[in-house]
Amino acid sequence: MPATPNWPPKSTPRLYIEHALALSQDVEIAGGSAHYLLGVMRLKEGAPVTLFDNMTGEYLALVSHTGKRDLIVTIQAKLRERESVPDLWLCQALVKKDRFDWIAEKSCELGVARFVPVLTARCVVDKVKEDRLQTHMIEAAEQCERTALPEIAPLAKLDAILKDWPEGRTLYFCDERGGASFGDAIKTGPAAILIGPEGGFTDQENAAIRAHPAAIAVSLGPRILRADTAAIAALSVWIAAQGDW
Ligand code: SAH
């Protein structure tokens, strides 16, 4: 059945598929997703699912075969093209796992193009599992009807990130010690927001960031925010300034 305003129903399960999708394609679903569709949602043959691939868009598929631990769905219609994503990166210093996962999830919902984990002197954590971040982002995108996922950059040290900074991308350095009001400082063009760890940046790091030609030190107001709050507040302000809010 073709897609109409009432079809597929709102309750239709939605899944990210790791390969490019196309009309009439049979897509095999196994593992945790199959368990969810068969065991939790109890889908039978003919039931609708929506799929997106982070490449070509979103599709309507119908279950064409159910096995014990896997199922096949067949793509019937294209529902949407992949959305365009604002050219915004979040450069986030590592913070404790749960809060870092939360930031990854929320930055996917809000629509960043790239999520860059940053290692700084005061980070209390020095590793990040990219696949875990990816899982959180996928779940957020599935639930929030996103058709695009942020790229996840490999963990890198602050000095290496500053050294290899791409030309033409403004680095908004969120600094609780003061800076231009973020809302007023936003320019057009590619952007990145840099947020420190729980303990903030060291004086040396602060000076190095401020000395970088792409950096603009900005304030998110007179209150010191926790890193996770600062990240989401800054993303929201930037997105609102683009008129994409
Ligand atoms: N320096 C503090 C707090 C760090 S808050 C301490 O000693 O504990 C964590 C990060 O959130 C900071 O590095 C900064 O990037 C961001 N942040 C928090 N409040 C902010 C504000 N009012 N303006 C700009 N950035 C802020």
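For ligands, and for the atoms within them, numbers begin at 1 and follow the listed sequence. Because the structure is predicted, anything quoted here is derived from the model rather than measured. In what follows, every heavy atom counts, from backbone to side chain, and hydrogens, waters and symmetry copies are set aside.
Atom OG of Ser33 sits about 12.0 Å away from atom CG of Asp70, to the nearest 0.5 Å. Distance check, rounded to the nearest 0.5 Å: CD1 of Ile193 to CD1 of Ile232 gives 9.5 Å.
Residue Ile195 has no nitrogen or oxygen atom sitting less than 3.5 Å from a nitrogen or oxygen atom of ligand 1, judged on distance alone. In terms of N/O distances under 3.5 Å, ligand 1 is not approached by Val218. For ligand 1, the polar-atom distance check against Phe201 finds no nitrogen or oxygen pair separated by under 3.5 Å.
Listed by chain and residue number, nothing satisfies the ring-ring contact (aromatic ring centres under 6.0 Å, His included) test with Tyr59 (two or more places apart in sequence, or in another chain).
Using the six-membered ring where Trp is involved, Phe52 and Tyr16 have ring planes that are tilted, between 30° and 60° apart. By the 30° and 60° cut-offs, the orientation of the rings of Phe173 relative to Phe201 is perpendicular.
Ligand-side atoms of ligand 1 in range of Gly200: 1 (N), 4 (C), 13 (O), range being under 4.0 angstrom from any heavy atom. Of all atoms in ligand 1, listed by their number and element, those nearer than 4.0 Å to a heavy atom of Ile224 are 3 (C), 19 (N). The ligand atoms of ligand 1 that sit less than 4.0 angstrom from a heavy atom of Asp175 are 23 (N), 24 (C), 25 (N). Short contacts between ligand 1 and Ala230, defined as distances under 4.0 Å to a heavy atom of the residue, involve ligand atoms 11 (O), 16 (C), 17 (N), 18 (C). The distance from ligand 1 to the heavy atoms of Leu225 drops below 4.0 Å at these ligand atoms: 5 (S), 11 (O), 18 (C), 19 (N). Heavy-atom proximity to Glu198, at under 4.0 Å, picks out these atoms of ligand 1: 3 (C), 4 (C), 6 (C), 8 (O).
Protein heavy atom at the shortest distance from atom 12 (C) of ligand 1 is Glu176 OE1, 3.2 Å. In terms of protein heavy-atom proximity, atom 7 (O) of ligand 1 is nearest to Gly199 O, 3.5 Å. Ranking protein heavy atoms by distance to atom 23 (N) of ligand 1, first place goes to Leu220 N, 2.8 Å. With hydrogens left out, the protein atom closest to atom 15 (O) of ligand 1 is Cys174 O, 2.6 Å, a heavy atom.
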(request) Show your reasoning for whether salt bridge (Lys or Arg N to Asp or Glu O under 4.0 Å) applies to Glu58 and Arg14. (result) CA-CA 9 Å; Glu58 180 180 36; Arg14 203 166 173 276; 2.8 Å; yes
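Under 4.0 angstrom from ligand 1, there are no non-hydrogen atoms of Thr229. By the criterion of a heavy-atom distance under 4.0 Å, the backbone of Arg223, and not its side chain, is placed next to ligand 1. Under 4.0 Å from ligand 1, the heavy atoms of Pro197 that appear belong solely to its backbone.
Leu220 and Ile224 fall into different hydrophobic clusters, where Ile, Leu, Val, Met, Phe, Trp and Tyr are joined by side-chain heavy atoms under 4.5 Å apart, directly or via other members.
Atom CD of Glu83 has more than 12 heavy atoms from other residues, nucleotides or ligands within 6.0 Å. Within 6.0 Å of atom CZ in Arg69, 12 or fewer heavy atoms from other residues, nucleotides or ligands are found, so the atom counts as exposed in its surroundings.
Across every non-hydrogen atom of Arg146 and Glu109, the tightest pair is NH1-O, 3.7 Å.
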